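This one's a predicted model, so the numbers in the text were calculated from it and none came from an experiment. Residue numbers count from 1 along this sequence.
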Amino acid sequence: MVRRTFVLKDPEGLHARNSAKAVMACRDSKASVTLEYGGETADGGNILEVMSLRARYGDEIRITAEGEGEQEITEEIEKALNGIMI
């Protein structure tokens with residue numbers, strides 16, 4: 001299991017485009033992924049759950065991944081949510 005906490009650096013916060021990129025990466029991964037923010041947890045493969053976290057610029061988000069490719073998927077998700085092309 002890999003846990004990674006990062007600061008959301010996209011000025012627009014957690015928005016649809018970046019959330020969709022992260023969800024697509026999760027769906028392509030064999031690892032099970034969850035995101036946590038503000039006491040709420042979201043399935044990394046569910047766009048509605050991810051967007052419902054409503055994280056803003058500067059907020060800390062925790063990614064937990066378990067399974068094959070867990071390290072890689074946590075890095076991909078961080079990049080996607082921060083608007084860095086993956």
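- For the pair R56 and L8, the tightest heavy-atom approach, listed with the atom from each and the gap, is O-CD2, 3.6 Å.
- Distance alone, capped at 3.5 Å, is enough to place a donor-acceptor pair between the S19 side chain and the H15 backbone.
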Q | Check against side chain to side chain donor-acceptor pair (under 3.5 Å), Y57 and D10 | A | CA-CA 6 Å; Y57 174 82; D10 189 316; over 6 Å; no
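- For the residue pair A25 and E76, the shortest heavy atom distance occurs at CB-OE1, 3.7 Å.
- Using modelled atom types, no side-chain atom of N82 and backbone atom of I84 make a donor-acceptor pair closer than 3.5 Å.
- A continuous path of Ile, Leu, Val, Met, Phe, Trp and Tyr side chains, each step under 4.5 Å between heavy atoms, connects L53 with I47, placing both in one hydrophobic cluster.
- Annotation: side chain of L81 is in contact with side chain of F6 (closest heavy-atom distance under 4.5 Å).
- What you find for V7 and E60 is that their closest heavy atoms are CG2-CG, 4.0 Å.
- Of all the heavy atoms in A55 and I61, the pair that sits closest is CB-CD1, 3.8 Å.
- One finds the CD1 atom of I63 at 6.0 Å from the CD atom of E78 (value rounded to the nearest 0.5 Å).
- Cluster membership for V50 and M24, using ILVMFWY side-chain heavy atoms within less than 4.5 angstrom, is not shared.
- For N46 (side chain) and D43 (main-chain N/O), no donor-acceptor pair under 3.5 Å exists by modelled atom type.
- Across I73 and A65, no two heavy atoms sit closer than the pair CG2-CB, 3.7 Å.
- Not counting sequence neighbours, E70 has no partner by the salt bridge (Lys or Arg N to Asp or Glu O under 4.0 Å) test.
- Looking only at side-chain heavy atoms (C-beta outward), M1 and T64 come within less than 4.5 Å of each other.
- Of the possible polar contacts, one joining the S52 side chain to the E49 backbone as a donor-acceptor pair under 3.5 Å is found.
- Between L35 and T41, the closest side-chain pair of non-hydrogen atoms is not below 4.5 Å.
- Scored by the side chain to side chain donor-acceptor pair (under 3.5 Å) test, Q71 finds E75 as partners (sequence neighbours excluded).
- Note that NZ of K30 is 4.5 Å distant from CD of E68, once rounded to the nearest 0.5 Å.
- For I77 against C26, the heavy-atom pair with the smallest separation is CD1-SG, 3.4 Å.
- A donor-acceptor pair is defined here as one N or O able to donate and one able to accept, closer than 3.5 Å; such a pair exists between the side chain of R27 and the backbone of G45.
- Considering CD of E66 and CZ of R3, their distance stands at 9.0 Å, rounded to 0.5 Å.
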